[in-house]
Number of protein chains: 2
Amino acid sequence: MAAKGRVTIREVAERAGVSVATVSRVLSGNYPVPPATRTRVLRAARALDYVANAHARALVGGGRKMVAVVLRQVTSPFYAHVAEGVEAEAAERGWLCLVGTTGGDPQREMDFVQLMREEGARVVILVGGVVEDDAYRERVTHYAQALDAAGARLVLCGRPAPDPDIPALVVEFDNEAGAHALTSHLLSAGHRRIVFLGGLPGNTALDARVSGYRAALAEHGLPPEAAHVVDCGLGRGAGLRAMTELLKGDHDFTAVFAGDDMVAAGAIRALADAGRSVPDDISVVGYNDIPLAEDFNPPLTTVRTPSEELGRAAVRIALRDPEQAAGAHHLLGTHIVVRDSVAAPPPGRDTF
Amino acid sequence: MAAKGRVTIREVAERAGVSVATVSRVLSGNYPVPPATRTRVLRAARALDYVANAHARALVGGGRKMVAVVLRQVTSPFYAHVAEGVEAEAAERGWLCLVGTTGGDPQREMDFVQLMREEGARVVILVGGVVEDDAYRERVTHYAQALDAAGARLVLCGRPAPDPDIPALVVEFDNEAGAHALTSHLLSAGHRRIVFLGGLPGNTALDARVSGYRAALAEHGLPPEAAHVVDCGLGRGAGLRAMTELLKGDHDFTAVFAGDDMVAAGAIRALADAGRSVPDDISVVGYNDIPLAEDFNPPLTTVRTPSEELGRAAVRIALRDPEQAAGAHHLLGTHIVVRDSVAAPPPGRDTF
DNA sequence: TTGAAAGCGCTAACAC
DNA sequence: GTGTTAGCGCTTTCAA
C-alpha cells in the first residue's frame with residue numbers, strides 16, 4: 001500500500017507505464033484511446049482503488065455541477081419534501097446537491113451562501129416563505145448580484161422576489177388562490193366566523209394566504225370585521241398556545257383556518273384539551289397536506305401543495321438556458337384535499 | 001466590473017498594491033501583518049466582493065473539513081432528525097455537511113460514497129438500519145478500508161458493524177432493550193397475544209426489536225409460539241396493508257407492536273377502517289416517537305429514540321482523536337413514552 | 001514586513 | 001497514439 005493519503009493520477013500512470021495525460025484521457029473518456037492502453041490504465045486504477053481529486057478537477061475545469069439548497073430546517077415535513085425534490089432532480093441530472101439549514105438565523109444564511117460561493121455552487125436555492133424586511137431585501141439583492149457576477153443562479157423557491165429587477169428566478173405556489181379556495185370551502189359548509197390562526201406580518205407565504213382568506217370572505221358579502229387573524233406564526237407549539245389563549249377569551253368562531261398543518265395539529269390538540277369536538281363544535285383546516293395529516297384526529301382537510309415538485313421545478317428552471325429562464329416567474333397550482341375536519345357549524349351559529 | 005467569472009486573489013492583490021502572498025496572509029489571518037497593509041487588503045477584497053476559491057484552497061491545504069451523511073430519504077421523520085443532528089453538530093464545529101439520499105438503492109449509495117471520496121470528505125456517516133446481506137457486507141468493508149486509507153472515517157449510525165474488524169465507528173440505539181421494555185409494557189397491561197408488525201428479516205434494527213420482543217414474551221413465561229411477527233417492512237403503507245390483511249384472517253390478537261411509528265399510523269388507520277377501536281379493542285404501540293405521534297388518534301404510546309442526538313454523536317465520535325475513537329461502539333439509551341394507545345385487553349382475552 | 005516561486009492534482013493544448 | 005508542459009487559484013516556504 002502506498003503511503004497514507006490519497007492515490008494520485010501519477011501513481012496510476014506509473015503503475016500502468018503511461019503518462020498522466022493518458023490516464024486522464026481514459027478516465028475522462030472524452031478522447032480516443034486504444035483498447036489495449038485503456039485496459040491497462042483501468043486495471044491499474046482499479047488495483048490502486050484510485051479516485052480522482054474533485055478539487056483539482058474543479059480547479060482546472062472551472063467549477064463543478066453543484067446546486068445548494070438553503071432551508072430553515074429539514075425536520076419540518078414541508079422543507080424536507082422540497083429538499084427531497086431538489087436532491088432527486090439534481091441527482092437525476094448528475095449534479096451534486098448540498099443542503100444547508102439556517103434555523104431561521106440570517107447570519108447562518110449569509111455564512112452558508114458565502115460558503116456556497118466559495119465552493120463554486122452554480123445554483124443556490126432559497127426555500128420557503130420569509131419575513132420581508134429591509135435587511136432581508138438587501139441580503140437577497142446581494143446574493144443575486146454576486147451569484148450572477150460569478151455566472152451562477154439564485155432561485156427563490158416558495159417566495160417571491162423582493163424586487164423584480166434582481167437577477168433571480170422564482171417558483172412558488174399560488175398561496176392566495178389556495179387560501180381563497182379553502183376559505184370558500186369553509187364558507188360553503190356554512191361557516192361565517194372563521195379565524196385565521198398563524199399569521200406572521202410581513203411573511204410572504206402567510207400574507208398571501210391571509211389575503212386569499214380575506215378576499216373569499218369579502219366575496220361572500222361579509223364585512224371586513226369578519227376576518228380575524230391571529231398572528232402567532234407557524235409550528236405546532238404556536239398553534240397550541242394560540243388556540244389555548246383564544247379559547248380563554250370570549251371570541252366567537254365556528255372554524256379555524258390554520259396557517260399550516262402543524263399549526264392545525266396544535267390547534268386540534270388545544271381544542272380537544274378544552275373539550276371541544278372537531279369538527280362537531282369547531283371545524284379546522286390546515287395547509288400543505290403533510291403525509292401524516294390524514295392520521296390526525298380527525299383526519300385533516302387541507303390544501304395539497306406539491307412540495308417535492310416545487311423543489312424539482314426550482315432546479316429545472318435553474319438549469320435551463322439563460323434565454324428561457326430570464327425573469328422567469330413560475331406559479332404552481334394547489335388543490336384542496338377534503339377529509340373529516342370540516343362539518344357544518346352547530347345550529348344557529350352560521351351567521352356573522 | 002471585472003470580466004465574467006470569479007474575482008481571484010490576484011485581482012485583490014493588484015488593487016491593494018501588494019503581492020498575492022500578502023493577501024493570502026491577511027485573509028487566512030494566521031500570520032502577523034501590519035494593520036495598515038491589512039486594512040488596505042481588506043478594503044480591496046470587500047470592494048471586489050472577493051470570495052476565495054474553496055477548490056484551490058482544498059487542493060493546496062490537503063482537503064477540507066467536510067462530513068457527508070448518507071440516508072435513505074429525508075422525508076422520513078427519523079432520518080430527517082438524524083440529518084439535522086449531524087448538520088447542527090458539524091456546523092457548530094465549522095465543518096461543512098453534505099447529505100445524500102439513496103432511496104434504498106445500493107448503486108446510488110456506492111456512487112455517493114465514491115463522490116464523497118472524490119470530494120475529500122473526512123467523515124462519511126451511513127444512517128439507519130439495513131438488511132445485512134453479503135453484498136452489503138462487502139460494500140461496507142470496502143468503504144471502510146478505502147476511507148481509512150485516505151485518512152477519513154466511516155461511521156455506522158443506527159446500525160452495527162457487519163464485522164468488528166473493519167475500521168469503522170459505530171453509534172446506535174439499543175433496539176433490543178427498547179423493544180423489550182415496550183413489550184413488557186404491553187404484557188403488564190394484560191396483553192398476551194401481541195403481534196409484531198413490520199419485521200424485515202436481516203434488517204439490523206428490526207431484527208433487534210424482534211429479539212427484544214421475543215425475549216420479553218419468554219420472560220413472562222409465554223411459549224415461543226406466542227410470538228407472531230409479520231414481515232411487512234416499514235412505512236405507513238406497509239402497516240396499512242399488512243394490518244388489513246391480518247384483520248381478514250382469523251388471527252387472534254389484542255395488541256400490535258408496530259416496527260415504527262409510521263407502521264403504527266397505517267395499522268391504526270386499518271383498524272379504524274375495520275371498525276375496531278384503539279385501544280379499547282386493540283392496543284397499538286410504535287417506535288421512534290416522531291413529533292406527530294401525539295397527534296395520532298389515539299395519541300401513540302411509543303419509544304423515544306433521541307434521533308437528533310444520534311446524529312450529533314456520530315460526528316462527535318468521528319471528530320475525536322484516533323486513540324479514543326478506535327473501535328468505539330456507542331450505544332444510546334431510549335425510553336417509553338406512554339400516551340393513550342394502550343389499554344387492558346377486552347375481558348376474557350388476556351390469556352394465550 | 002513583504003515578495004518570488006514552488007507546488008497541490010488535474011486537464012487540455014501542443015508537440016512528436 | 002502518447003508524452004510534455006502550462007496553468008487553474010491558492011498557501012507556504014525561502015529570501016530579501
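Every chain is numbered from 1 and lettered A, B, ... according to where its sequence line falls, protein lines coming before strand lines.
Separating the CG atom of A:Asn53 from the P atom of D:dG9 is a distance of 16 Å, rounded to the nearest angstrom. As rounded to whole Å, 20 Å separates atom P of D:dC8 from atom CD of A:Glu118. Rounded to whole Å, atom C1' of D:dG9 lies 11 Å from atom CD of B:Glu11. Rounding to whole angstrom units, CZ of residue B:Arg57 and P of D:dC8 are separated by 18 Å. In this structure, A:Arg117 atom CZ and D:dG9 atom C1' are separated by 16 Å, rounded to whole Å. Put simply, OH on B:Tyr31 is 17 Å from C1' on D:dC10, counting in whole angstrom units. Taking atom CZ of B:Arg64 as the reference point, atom C1' of D:dT11 lies 17 Å away to the nearest angstrom.
Under the 4.0 Å criterion applied to side-chain N and carboxylate O atoms, B:Asp134 and B:Arg137 are assigned as salt-bridge partners. Taking 4.0 Å as the cut-off between side-chain N and carboxylate O, B:Glu132 and B:Arg159 do not count as a salt-bridged pair. Using a 4.0 Å cut-off between charged side-chain N and carboxylate O, A:Asp49 and A:Arg6 make no salt bridge. Salt bridge annotation for A:Arg15-A:Glu11: absent, with no cationic side-chain nitrogen under 4.0 angstrom from a carboxylate oxygen. Using a 4.0 Å cut-off between a side-chain N of Lys or Arg and a carboxylate O of Asp or Glu, A:Arg312 and A:Glu87 do not qualify as a salt bridge.
Each of A:Ser28 and B:Ser19 was assigned the nucleotide of DNA chain C with the nearest heavy atom; the assignment lying further toward the 5' end belongs to B:Ser19. Residue order along DNA chain D, read from the 5' end via each residue's closest nucleotide, puts A:Val18 first among B:Thr8 and A:Val18. The residue among A:Val20 and A:Arg40 whose nearest nucleotide of DNA chain D is located toward the 5' end is A:Arg40.
Among the nucleotides D:dT5, D:dC10, D:dT2, the one closest to the side chain of A:Pro34 is D:dT2.
For D:dG3, its base sits under 3.5 Å from the side chain of A:Arg25 at one donor and acceptor pair at least.
Think of the region where chain B sits on DNA chain C: with heavy atoms and a 4.0 Å cut, that region ends 5' and 3' at C:dT1 to C:dG9.
For CZ of B:Arg72, the number of neighbouring non-hydrogen atoms (other residues, nucleotides, ligands) closer than 6.0 Å is 12 at most. Within 6.0 Å of CD in B:Gln114 there are more than 12 heavy atoms belonging to other residues, nucleotides or ligands.
An angle of 40°, rounded to 10°, separates the two end axes of the helix from C:dT1-D:dA16 to C:dC16-D:dG1, each defined over five pairs.
Here the rule is side chain to side chain contact (heavy atoms under 4.5 Å, CB included) with B:Leu126, and of B:Val70, B:Thr102, B:Val69 only B:Val70 fits it.
In this structure, A:Ala58 reaches neither bases nor backbone, as no heavy-atom distance under 4.0 Å exists between it and the strands shown.
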For residues 22-38 of chain A, dump all side-chain donor-acceptor pairs below 3.5 Å to protein atoms at least two apart in sequence or in another chain.
| unit_1 | atom_1 | unit_2 | atom_2 | d |
| --- | --- | --- | --- | --- |
| A:Thr22 | OG1 | A:Ser19 | OG | 3.3 |
| A:Ser28 | OG | A:Ser24 | O | 2.7 |

